[in-house]
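What follows is a short report on a single structure.
For the numbers below, each heavy atom of this structure counts, side chains included, while hydrogens, waters and symmetry mates do not. Note that the coordinates shown come from a computational prediction; the quantities given were computed from them, not determined experimentally.
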Amino acid sequence: MTSQLIARAKKVAFQGEPGAFANLAAREALPHAQAIPKPTFEDAINAVRDGETDLAIIPIENSLFGRIADIHHLLPEAGLYIVAEHFHRIHMQLLGVKGASIAGLKTVLSQGPALGQCRKIIRELKLAPQHWHDTAGSARHVAELKDPTTAAIASSLAAEFYGLDVLRANVEDEPHNMTRFLVMAHEPDDAPPDAGPVITTFVFRVRNVPAALYKALGGFATNGVNMTKLESYQLGGSFNATQFYADIEGHPEERNVRLALEELQFFCSKLTVLGVYPAHPFRSEMPSI
């Protein structure tokens with residue numbers, strides 16, 4: 001993350017309360033920028049659109065839980081652009097009030113994705129999970145309750161902020177637990193084609209003709225372009241209108257990528273590039289399956 005746009009950013013919005021994992025990701029990815037908490041993903045995005053902050057950092061997917069924020073719905077309508085990605089290692093902590101014990105716990109609070117990443121400990125301790133709007137918010141609520149039978153699953157930073165004890169550390173189901181965040185700005189800041197590995201992200205809708213998706217994606221195979229992500233979702237509650245979200249490796253100015261995108265566009269009713277940005281170094285460490 002060395003572009004001028006990112007380097008001069010003074011404020012970055014994240015969804016959640018102070019101590020949220022997005023707060024930690026903002027500190028790690030953008031240590032020079034003040035992290036501003038926002039109640040919802042939409043609020044974090046609107047902070048950039050309205051000029052309150054320079055950037056927003058939004059979790060898009062987790063290696064255990066899958067899709068987190070429906071960024072596919074939020075981004076195309078927001079008028080923002082992806083300028084960077086960040087992979088953040090997630091370590092979940094089981095938090096309780098001072099004096100609480102593991103044996104006395106009955107209930108655990110956290111955000112849905114966090115509960116989904118810690119199913120084993122919830123089953124092991126026979127806890128009743130309750131969904132909360134935010135991991136850090138669940139920690140704050142447990143601190144306010146002062147109930148030794150109620151715990152939260154949140155970050156170590158949340159434990160510090162709200163004066164809770166870590167009853168058991170690193171309770172995520174798998175040690176490889178990782179969340180991918182997107183950094184977004186009001187203006188595009190495309191990586192230059194010679195800047196090293198690049199990710200191009202776009203959304204598209206195919207024309208209503210037989211085998212349109214098959215034909216649209218064929219150009220990536222014939223031109224040797226690696227597509228690392230493809231997701232579909234319905235538009236406006238309709239079962240007939242489908243939009244696709246995709247990540248590919250490569251820059252649109254590279255010949256093979258340009259040809260693949262041209263072939264895609266031929267079969268599309270709409271194609272919107274959301275960002276051309278440097279691939280995070282963690283991608284080179286990912287195990288091949």
Side-chain angles (χ1 to χ4, degrees), residues 1 14-16 19-30 41 44 56-75 82-95 108-124 127 129 131-136 138-139 152-158 166 168-184 197-203 226-233 244-249 274-275 277-289:
M1 296 188 184
F14 69 91
Q15 184 275 328
F21 286 101
N23 192 170
L24 284 170
R27 284 185 172 192
E28 191 174 81
L30 303 154
F41 295 121
I57 186 165
I58 303 291
I60 184 171
E61 58 192 328
N62 175 265
S63 59
L64 296 181
F65 185 78
R67 183 191 296 181
I68 297 179
D70 278 333
I71 206 73
H72 328 74
H73 291 290
L74 299 175
L75 260 188
I82 305 168
V83 296
E85 64 175 355
H86 181 71
F87 287 83
H88 181 71
R89 182 77 65 182
I90 302 294
H91 291 299
M92 298 288 186
Q93 316 301 321
L94 184 67
L95 309 179
V108 62
L109 278 62
S110 200
Q111 195 176 36
L115 294 172
Q117 294 166 41
C118 302
R119 292 186 176 96
K120 291 180 181 178
I121 187 71
I122 293 172
R123 256 195 327 268
E124 175 194 335
L127 302 178
H131 287 248
W132 207 255
H133 64 276
D134 172 55
T135 55
S138 71
I153 290 176
S155 70
S156 55
L157 183 61
V166 177
R168 189 176 294 183
N170 303 339
V171 296
E172 60 273 11
D173 288 345
E174 300 292 343
H176 59 72
N177 194 22
M178 184 77 71
T179 295
R180 180 184 177 218
F181 289 80
L182 297 180
V183 180
M184 294 172 291
V198 166
I199 303 297
T200 298
T201 296
F202 53 90
V203 292
N226 187 28
M227 181 171 285
T228 60
K229 186 178 182 66
L230 178 66
E231 290 189 348
S232 65
Y233 57 100
F244 297 87
Y245 169 99
D247 292 335
I248 60 171
E249 294 179 346
L274 300 178
Y277 49 95
H280 190 272
F282 176 73
R283 286 184 178 272
S284 65
E285 303 172 13
M286 290 181 182
S288 57
I289 298 177

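A salt bridge is absent between Glu249 and Arg283; no separation between the charged side-chain nitrogens and carboxylate oxygens falls under 4.0 Å.
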For this session: Would you check, one step at a time, whether the test side-chain contact (heavy atoms from CB on, under 4.5 Å) holds for Leu182 with Ile57?
Result: CA-CA 6 Å; Leu182 297 180; Ile57 186 165; over 6 Å; no

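Annotation: the span from Ser155 atom OG to Asn23 atom CG amounts to 7.5 Å, rounded to 0.5 Å. Distance check, rounded to the nearest 0.5 Å: CG of Asn177 to CD1 of Ile90 gives 6.0 Å. Rounded to the nearest 0.5 Å, atoms CZ (Arg89) and NE2 (His176) are 9.0 Å apart. Interatomic distance, CG of Leu109 versus CD1 of Ile153, reported as 9.5 Å (0.5 Å rounding). Taking CG of Leu274 as the start and OH of Tyr245 as the end, the distance is 7.0 Å to the nearest 0.5 Å. A distance of 13.0 Å separates CZ of Arg180 from CD1 of Ile58, quoted to the nearest 0.5 Å.
Contact record, Asp173 with Lys120: OD1-N, 3.0 Å, taken as the closest heavy-atom pair. What you find for Ala20 and Asp134 is that their closest heavy atoms are CB-OD1, 3.6 Å. When all heavy atoms of Glu172 and Cys118 are compared, the pair lying nearest together is CA-SG, 4.0 Å. The two residues Ala22 and Phe14 make their nearest non-hydrogen contact at CB-CB, 3.8 Å. Contact between Gly19 and Ala136 at its shortest, heavy atoms only, is C-CB, 3.6 Å. Of all non-hydrogen atoms in Ala279 and Glu85, the two that sit nearest each other are CA-OE2, 3.4 Å.
Looking at Gln117 and Gln111, their side chains never come closer than 4.5 Å, going by heavy atoms from C-beta outward.
The side chain to side chain contact (heavy atoms under 4.5 Å, CB included) test with Lys229 is passed by exactly one of Ile199, Asp247, Thr201: Asp247.
The aromatic rings of His86 and His280 lie perpendicular to each other, with more than 60° between the two planes, well past the 30° mark. Aromatic ring orientation, His88 versus Phe181: perpendicular (interplanar angle above 60°, classes split at 30° and 60°).
Remark: side-chain polar atoms of Thr135 are not paired, donor with acceptor, to backbone N or O of Ala114 under 3.5 angstrom. Put simply, the side chain of Asn62 gets close to the backbone of Met178: a donor and an acceptor are under 3.5 Å apart.
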